[in-house]
*Asks:* 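Questions regarding the structure given below will be posed in turn.
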Amino acid sequence: MVQITINKQQIDVPEGTTVLRAAEMAGINIPHLCDHKELTPYGGCRLCIVEVQGIRVPMASCTLPVSNGLVVETETEALKKSRQFVLSMLFSERNHFCPFCQVSGGDCELQNAAYHEEMTHWPIQPGWSDFPVDTSHPYFVLDNNRCILCRRCVRACAEMAGNFTLSVAERGAKSMIVADTDIPLGESTCIKCGSCVQVCPTGALIDRTSAYQSHDKNLQEIKSVCVGCSVGCSIKIMVRDNRIVRIEGNWDGAVNHGAMCEHGRYHESNENRVRITTPLMKKNGKLEPVSWDEALSAVQEKMTKEGVAALASTRLSAETLAAFKDLFESKLHSKLVTSIEEGVPTAAVAKFAETHEGFEGKLDALKTADTVLCVGANVNRSHMVAGFLFKRNLNAGVNLINIDPDETSLDEVARVALKPKAGSDHLLILALQAVIAKEELERKSLNIKDADARIKKAIAETGISEADLTKAARMLAHAISPMIVFGKGVTAQRDEKLIEALYQLAVQVGAVDGERSNILSLKGEANSQSAALMGLDQPFNPNGEKVTYLAVGDDYVSKKLVEKTSKAEYLVVQASYESKLTEQADVVLPVSIWAEQEGHYINLDGRMRKTEKAVNAPENVRDNLDVLTELAKRMKLTLDADWKKSIRERKSSVALN
Ligand SMILES: Nc1nc2c(c(=O)[nH]1)N[C@H]1C(S)=C(S)[C@@H](COP(=O)(O)OP(=O)(O)OC[C@H]3O[C@@H](n4cnc5c(=O)[nH]c(N)nc54)[C@H](O)[C@@H]3O)O[C@H]1N2
Ligand SMILES: Nc1nc2c(c(=O)[nH]1)N[C@H]1C(S)=C(S)[C@@H](COP(=O)(O)OP(=O)(O)OC[C@H]3O[C@@H](n4cnc5c(=O)[nH]c(N)nc54)[C@H](O)[C@@H]3O)O[C@H]1N2
Ligand code: SF4
Ligand code: SF4
Ligand code: SF4
Ligand code: FES
Ligand SMILES: [Mo]
């Protein structure tokens with residue numbers, strides 16, 4: 001700890017803290033623009049200047065590390081004058097005619113800083129010239145005329161998203177934010193995560209969908225968790241008049257620290273499917289609106305008499321999944337009770353966990369890994385924020401080894417891309433182990449006796465050359481902090497032995513060692529892990545049962561599911577949106593979407609968190625859990641499942657916390 005004095009207040013802060021952050025810890029706000037707590041200090045705007053005893057010139061506090069006995073003043077008359085000058089320069093350089101700007105009036109950090117310094121105008125002639133406005137991006141506009149060159153966006157793109165799309169072109173007053181080699185943003189390598197927009201302190205990066213809709217102070221801010229995938233990013237849902245205006249990453253989120261992906265930030269709030277707003281029943285071959293009473297009576301009558309095959313979405317809350325399991329499995333004794341994922345991303349891992357409880361590690365390990373082995377997981381498409389965690393370090397020398405039969409965009413950033421024949425992963429992993437053993441690079445010996453045979457077999461059957469195999473094996477074995485992640489390319493093989501081989505490889509190279517457990521499967525949807533723990537992971541083959549009950553909620557449905565249920569004798573679909581599935585249903589029960597309900601979720605590395613209700617559902621739409629409870633009640637059944645108990649029925653592959 002280091003002791004410093006800020007505005008006569010003595011405080012103890014950890015070594016390495018900047019004066020700006022130290023002041024913040026003591027509740028003292030030093031005005032700043034280019035600095036952001038989740039980004040590397042840059043020291044460009046000079047607004048954060050402070051007076052340091054013994055030093056003649058003011059110092060930028062955002063790049064000044066604390067040292068013992070440092071005495072700092074943050075609010076003197078001289079500093080105020082200097083800050084007014086700094087701001088005057090910024091305002092006069094480009095077009096800052098605030099009344100025309102969407103962030104003016106509360107959402108602009110530049111304007112707010114000026115008010116803080118009690119400025120009403122700036123005394124310098126504006127001398128701006130025209131800068132380009134880039135409107136080519138689907139989600140935001142870049143207006144360089146409002147840019148103050150703080151480079152927060154450049155740093156966010158690199159340090160949050162690991163995407164390195166943005167940079168500064170030209171020099172001095174002509175400097176400009178550009179994408180790639182100065183091409184339109186909409187045609188660039190941008191992956192549309194929106195991190196740059198979230199950090200921009202001015203109106204230079206403007207969100208298209210929420211522009212001119214309201215100032216932040218008039219928006220309700222509901223802290224919740226994204227249900228876009230199993231990463232489970234912490235979010236803030238910004239709401240006005242029962243409508244989601246915008247979704248932002250929560251800076252305090254333990255998983256994502258503010259970052260989000262396109263799917264979570266934009267898709268989850270900009271829905272274009274058609275909402276179902278009333279119960280429907282098939283009459284003379286056509287779906288017609290009916291009352292809840294009529295719909296539920298019809299369903300209840302069928303379910304009491306006939307066997308039911310039941311399937312639930314893994315986007316539903318743990319409370320709903322537990323009630324679903326209780327109703328169909330415990331109370332109605334249905335033979336087939338499963339989830340929409342059919343255990344494809346989880347069943348093999350859950351099986352392995354029976355003998356290796358809690359063998360999986362935490363996402364955070366990706367942030368410090370020096371070598372990442374990615375097997376059958378396209379983190380450029382699914383679980384994007386998990387990908388961000390190591391892609392940010394690519395420029396710092398992190399090695400990526402990607403194993404995927406298909407060419408994917410992940411190959412572009414991989415040091416080694418192995419393209420084995422689909423389904424040959426087991427042979428390949430065994431061969432990687434063999435090479436590491438043969439070259440005596442093992443951290444822990446696996447006592448491999450058949451190394452040569454393994455290598456020979458893999459070369460013959462996976463299509464991987466000996467040179468590539470050796471290169472990948474050496475890279476992984478030489479890592480100081482290796483991490484293995486795997487996805488559906490692996491788990492869809494439903495082979496517990498393949499999971500075991502990956503685990504052994506992790507042990508062999510020191511990714512798993514004592515407390516360290518740097519191996520992680522990425523799982524599927526938001527509540528993939530809850531469904532797995534409740535044993536909702538059987539393949540869905542509903543032949544034989546008379547009634548099929550699909551609680552899909554607001555999930556997308558695959559063609560496969562539509563086909564599998566096309567011959568159902570009696571099909572009940574509990575859904576929020578119209579689809580081919582609801583078209584073929586006998587009864588459709590309209591239910592709330594993710595933002596209209598609350599409940600618990602377990603993310604891919606075992607974090608248990610609650611999502612909050614942010615908006616009200618349409619009038620005649622009911623909560624997913626309520627529909628199941630009501631159905632049970634009509635059948636004189638009482639649902640008594642406790643989700644916290646239901647998730648303890650099996651050993652978990654990840655530690656729950
Ligand atoms: N944005 C977004 N995120 C999502 C989803 C979404 O729809 N959108 N969906 C969620 C869901 S439901 C799921 S299940 C997960 C899926 O997430 P992942 O588990 O990452 O699955 P995929 O993205 O399909 O990537 C699987 C990769 O495995 C490769 N592969 C196929 N066969 C083999 C093989 O035999 N061996 C190896 N090594 N690789 C193989 C495929 O080419 C593909 O690139 O993502 C979740 N996350
Ligand atoms: N054999 C086999 N069976 C499986 C799986 C498998 O890999 N193999 N996977 C299992 C898993 S993990 C799951 S989740 C299920 C369903 O998994 P899949 O069968 O893989 O279905 P999806 O591709 O996730 O999505 C269903 C449909 O919704 C559409 N869709 C998804 N997201 C969007 C979107 O954001 N916008 C629009 N407009 N359309 C979208 C897709 O185009 C697709 O047609 O199947 C499970 N069953
Ligand atoms: S949206 Fe994301 S990837 Fe695109 S420029 Fe902004 S930070 Fe970079
Ligand atoms: S676009 Fe915004 S975040 Fe980027 S440099 Fe300009 S003002 Fe800063
Ligand atoms: S990574 Fe997953 S949880 Fe995070 S924002 Fe994207 S979809 Fe949502
Ligand atoms: S905040 Fe310190 S120089 Fe910009
Ligand atoms: Mo999935």
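Starting from 1, each residue takes its place in the sequence as its number.
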*Asks:* I need the Thr491 OG1 to Leu522 CG distance, nearest 0.5 Å.
*Replies:*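 If I round to the nearest 0.5 Å, the distance is 9.0 Å.
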*Asks:* Pairing donors with acceptors under 3.5 angstrom, does anything connect the side chains of Asp555 and Ser313?
*Replies:*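 Yes, side-chain donor-acceptor contact under 3.5 Å.
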*Asks:* Quick one: side-chain hydrogen bond (donor to acceptor under 3.5 Å, both in side chains) partners of Arg146, sequence neighbours excluded?
*Replies:*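 In terms of side-chain hydrogen bond (donor to acceptor under 3.5 Å, both in side chains), with neighbours along the sequence ignored, Arg146 is linked to no residue.
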*Asks:* CD of Glu525 to SG of Cys229: how many Å apart, nearest 0.5 Å?
*Replies:*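 Glu525 atom CD to Cys229 atom SG measures 9.5 Å (nearest 0.5 Å).
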*Asks:* Are any of the side-chain heavy atoms of Ile55 and Met59 separated by less than 4.5 Å?
*Replies:* yes
*Asks:* Is it the case that atom NZ in Lys174 sees more than 12 heavy atoms from other parts of the structure closer than 6.0 Å?
*Replies:*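 It does not: Lys174 NZ has 12 such atoms or fewer within range.
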*Asks:* So, taking the atom named CG in Leu20 and the one named CE in Met25, what distance separates them when rounded to the nearest 0.5 Å?
*Replies:*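 Rounded to the nearest 0.5 Å, the CG-CE separation comes out at 10.0 Å.
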*Asks:* Do we see a donor-acceptor contact under 3.5 Å between the side chains of Thr314 and Glu341?
*Replies:*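 Indeed, the side chains of Thr314 and Glu341 share at least one donor-acceptor pair under 3.5 Å.
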*Asks:* Are Val398 and Leu400 close enough that some pair of their side-chain heavy atoms sits under 4.5 Å apart?
*Replies:*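 No, their side chains stay 4.5 Å or more apart.
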*Asks:* Hey, are the side chains of Cys150 and Pro201 touching, using non-hydrogen atoms and a 4.5 Å cut-off?
*Replies:*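 Heavy-atom side-chain distance check passes, below 4.5 Å.
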*Asks:* Taking atom types as modelled and ignoring hydrogens, do the side chains of Asp134 and Ser136 form a donor-acceptor contact shorter than 3.5 angstrom?
*Replies:* yes
*Asks:* If I take atom CG from residue Asn144 and atom CD from residue Glu170, how far apart are they, to the nearest 0.5 angstrom?
*Replies:*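 One gets 11.0 Å once the value is rounded to the nearest 0.5 Å.
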*Asks:* Indicate yes or no: does Glu221 engage Arg246 in a salt bridge with an N to O separation below 4.0 Å.
*Replies:*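 Here Glu221 does not pair with Arg246 in a salt bridge, since their nearest N and O are not under 4.0 Å apart.
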*Asks:* Within the 3.5 Å criterion, strictly below it, is a donor on Thr165 or Thr189 matched to an acceptor on the partner's side chain?
*Replies:* yes
*Asks:* With the side chain counted from C-beta on, respond yes when Cys48 and Cys62 share a heavy-atom pair under 4.5 Å apart, and no when they do not.
*Replies:*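 Yes. Closest side-chain heavy atoms under 4.5 Å.
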*Asks:* Tell me yes or no: between the side chains of Tyr42 and Arg151, is some donor less than 3.5 Å from an acceptor?
*Replies:* yes
*Asks:* Going by atom types alone, do Asn378 and Lys488 pair a side-chain donor with an acceptor below 3.5 Å?
*Replies:*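 No, Lys488 and Asn378 have no side-chain donor paired with an acceptor closer than 3.5 Å.
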*Asks:* Between CZ of Arg56 and CD of Glu51, what distance do you get to the nearest 0.5 Å?
*Replies:*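 The CZ atom of Arg56 sits 12.5 Å away from the CD atom of Glu51.
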*Asks:* Ignoring hydrogens and geometry beyond distance, is a side-chain donor-acceptor pair present between Arg94 and Asn145 at under 3.5 Å?
*Replies:* no
*Asks:* Test: salt bridge (Lys or Arg N to Asp or Glu O under 4.0 Å). Region: residues 17-39. Which pairs qualify, not counting sequence neighbours?
*Replies:*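 Counting only pairs at least two positions apart or across chains, the salt bridge (Lys or Arg N to Asp or Glu O under 4.0 Å) contacts touching residues 17-39 are Arg21-Glu24, Arg21-Asp35, Lys37-Asp252.
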*Asks:* State, without any angle test, whether Ser224 and Glu612 hold a side-chain donor-acceptor pair at a distance under 3.5 Å.
*Replies:*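 Side-chain D/A pair, Ser224 to Glu612: absent.
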*Asks:* Identify which one of Arg275, Lys613, Arg243 satisfies the salt bridge (Lys or Arg N to Asp or Glu O under 4.0 Å) criterion when paired with Glu596.
*Replies:*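 Running salt bridge (Lys or Arg N to Asp or Glu O under 4.0 Å) over Arg275, Lys613, Arg243 with Glu596 returns exactly one hit, Arg275.
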*Asks:* Heavy atoms, side chains only, cut-off 4.5 Å: are Ile401 and Arg415 in contact?
*Replies:* no
*Asks:* Taking everything shown except Lys81 itself, do over 12 heavy atoms lie less than 6.0 Å from its NZ?
*Replies:* no
*Asks:* Give a yes-or-no answer on whether the side chains of Ser230 and Asn603 include a donor-acceptor pair shorter than 3.5 Å.
*Replies:* no
*Asks:* Does one side chain, of Asp207 or Thr209, offer a donor that lies under 3.5 Å from an acceptor on the other?
*Replies:* yes
*Asks:* Answer yes or no: is there a side-chain heavy-atom contact under 4.5 Å between Glu248 and Ile235?
*Replies:* no
*Asks:* Please check if any side-chain donor atom of Glu109 sits under 3.5 Å from a side-chain acceptor atom of Thr202, or the reverse.
*Replies:*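 No pair is found: no donor N or O on one side chain lies under 3.5 Å from an acceptor on the other.
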*Asks:* Testing the 3.5 Å rule here: is there a donor-acceptor pair between the side chains of Tyr139 and Glu262?
*Replies:*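 On atom types as modelled, these side chains qualify, holding a pair under 3.5 Å.
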*Asks:* So that I can tick it off, tell me whether Asp468 and Lys419 are bridged by a salt bridge, with the cut-off set at under 4.0 angstrom between side-chain N and carboxylate O.
*Replies:*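 Salt bridge absent between Lys419 and Asp468.
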*Asks:* Taking side chain to side chain contact (heavy atoms under 4.5 Å, CB included) as the criterion, tell me which of Thr368, Thr371, Asp370, Val372 meets it with Phe390.
*Replies:*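 It is Val372, the one option of Thr368, Thr371, Asp370, Val372 that forms the side chain to side chain contact (heavy atoms under 4.5 Å, CB included) with Phe390.
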*Asks:* Would you mind listing every ring-ring contact (aromatic ring centres under 6.0 Å, His included) that reaches into residues 84-112, with sequence neighbours excluded?
*Replies:* Phe91-His96, Phe91-Trp122, Phe97-Trp128
